[in-house]
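I have placed the structure first, in the form of structure tokens, so that the comments after it can refer back to it.
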There are 2 protein chains.
Amino acid sequence: MSEERRGAIQSVDVGILRFNRELGRAEILLHKRQNPDEPYFGQWALPGLVINGDTQDQSLEAAIDRLLLSPKVGFSVSHCEQVVTVGNAVRDPRGWATTTVYMAMVDDSVEVEGDKQWVDLVAVSEKKFLLAFDHNELVARIRGRLAGKFRYTSIGFSMLPMKFTMTDVITLFSVVRGANPAKGKTSIVQRVKKMIEAQLIALTDETVQLAMGRPQYLYLKLKPEVIFEFDRALSDD
Amino acid sequence: MSEERRGAIQSVDVGILRFNRELGRAEILLHKRQNPDEPYFGQWALPGLVINGDTQDQSLEAAIDRLLLSPKVGFSVSHCEQVVTVGNAVRDPRGWATTTVYMAMVDDSVEVEGDKQWVDLVAVSEKKFLLAFDHNELVARIRGRLAGKFRYTSIGFSMLPMKFTMTDVITLFSVVRGANPAKGKTSIVQRVKKMIEAQLIALTDETVQLAMGRPQYLYLKLKPEVIFEFDRALSDD
DNA sequence: GTAATAGTGTCTCTGAGACAATATGAT
DNA sequence: ATCATATTGTCTCAGAGACACTATTAC
């Protein structure tokens, strides 16, 4: 899109997150760059777009909405917030470039194909899966923000499906924080109970049976849009 | 600067904060717009500059450094962090404009004059002191970020002078949070004690005597650059 | 002495976190 | 029964926060 532009490039990028129950991991949506005239053609990157290229956006948020509706994403998200803005002269071979990075979450596990892919968040943030531009760094920033918010808010629940198990919550929290699953297990269970009291979550009588062990109860999100703030933080590591 | 530019305007703005012991209030540095060819001439605004106008910046951080060295500020700060980026088609009469907002703090109470002024942070954030552009909103965002960080970090100490009293801390926390000074007083005292244990602060034998009442002990910052993270938050209101 | 403000002590209570104990399926 | 995993229960402890009490100045 509009390679003739002289000035600085301004863009928005979004890291869309979900929890994959089968694989027990957090995943981020990546997009394979399709334009042979653009740098990093054929490589994986965060979905993003240049602002005020072909289309005139009214605001950063409007640009994000346009991105979410575009084929690079194509589904709606349950939560979206701005993470950081990175701008410098070296991150884009075309010249000075600024991007404002958002993170978003999905409730229902949308499956994707072709030029889209769900990839392990931890692998990407630790550069075991290389992305275009400085996008590995951006993903690391997203994971950092996520881990920080996990400590004192219920934001993690936004990336779980509408029905989830206690094990899902514990697994999600431990992989994002890079900690042992047993770490703070009691606290997480307490937090879910708090959220049940606050009518944000309900315990259903449905269960999920794995190959081995006791079946797990399913919990249901009642108010997926509400982010709960806890007045004590989970531990750091 | 460079009114001929066609594309979007990109800028950085900074809210520099300090605590005024005499007036017992948090203050933000404002700058009076000097260029008659620019919008909002003569009005007060956050210090800011257009990126890649006359000067080529290497990064957003380099632009902030240039701003801090420029006459619009002209002194160094003890802490600086990015708060938010706002971009839309209506905030600047010249057209689409994006600004990345930083907040910064000063240790020592630098006095300013002429086109610079320290103004009550709460008054500005509540629009009792009107600024150019959407800068009142930006200041409100800064205050919100500040109040949030006050809850679970020691960031507030960055805007106190190197030597401060317990009353300073309590006053600062209460005005930023918009709460009664007695609220959480015990907790704040506890936190200072924790920071003394951690060798970040020392109790001196110097005292400050006001017109009435018992004199106050002075505390000294030992490691002003270290931000302490508490594992429990202060209350919300 | 009194007024005013600073600093300390005591108490309660919530919630993190470790760990043990029990429950419920498959085989 | 045994194994594997889920769920519940028990205990400790740090720290928020309210409030009462004591200390130190000026007048």
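Residue numbers begin at 1 in each chain, while the letters A, B, ... track the order of the sequences.
Taking atom CZ of residue A/F173 and atom P of nucleotide C/dA16, one finds them 11 Å apart after rounding to whole Å. Distance B/L234 CG to C/dT14 C1': 15 Å, rounded to the nearest Å.
Residues satisfying the ring-ring contact (aromatic ring centres under 6.0 Å, His included) criterion with A/Y217, sequence neighbours excluded, are absent altogether. Under the side-chain contact (heavy atoms from CB on, under 4.5 Å) criterion, A/K185 pairs with A/I170, sequence neighbours left out. For the salt bridge (charged side-chain N to carboxylate O under 4.0 Å, His left out) test, no residue two or more places apart in sequence or in another chain qualifies with B/R177. With sequence neighbours excluded, no residue forms a ring-ring contact (aromatic ring centres under 6.0 Å, His included) with B/F75. With sequence neighbours excluded, the residues satisfying side-chain contact (heavy atoms from CB on, under 4.5 Å) with B/L222 are B/A202, B/L220. With sequence neighbours excluded, the residues that form a ring-ring contact (aromatic ring centres under 6.0 Å, His included) with A/H135 are A/F133. For B/E126, the side-chain contact (heavy atoms from CB on, under 4.5 Å) criterion is met by B/V122, B/K128, B/R143, not counting sequence neighbours. Applying the side-chain contact (heavy atoms from CB on, under 4.5 Å) criterion to A/R151, with sequence neighbours excluded, gives A/A233, A/D236, B/E229.
Nucleotides of DNA chain D with any atom under 4.0 Å from a heavy atom of chain B span, from 5' to 3', D/dA14 to D/dA26.
For the side-chain hydrogen bond (donor to acceptor under 3.5 Å, both in side chains) condition, the pairs that include at least one residue of residues 191-208 of chain A, sequence neighbours left out, are A/K163-A/E206.
Map B/A233 and B/Q209 each onto its nearest nucleotide of DNA chain D; the residue landing nearer the 5' end is B/A233. Between A/I188 and A/T207, the one whose closest nucleotide on DNA chain C sits nearer the 5' end is A/I188.
A salt bridge is defined here as a Lys NZ or Arg NE, NH1 or NH2 lying under 4.0 Å from an Asp or Glu carboxylate O, and B/D107 with B/K221 meets this definition.
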Report each atom pair, protein N/O against N/O of nucleotides 3-10 of chain C, whose distance is under 3.5 angstrom.
| unit_1 | atom_1 | unit_2 | atom_2 | d |
| --- | --- | --- | --- | --- |
| C/dT5 | O2 | B/R214 | N | 3.3 |
| C/dA6 | OP1 | B/T167 | OG1 | 2.9 |
| C/dA6 | OP1 | B/Q216 | NE2 | 3.1 |
| C/dA6 | O3' | B/P215 | O | 3.4 |
| C/dA6 | N3 | B/R214 | NH1 | 3.4 |
| C/dG7 | OP1 | B/Y217 | N | 2.7 |
| C/dG7 | N7 | B/K185 | NZ | 3.4 |

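Residues from residues 18-25 of chain A with heavy atoms under 4.0 angstrom of DNA chain C: there are none.
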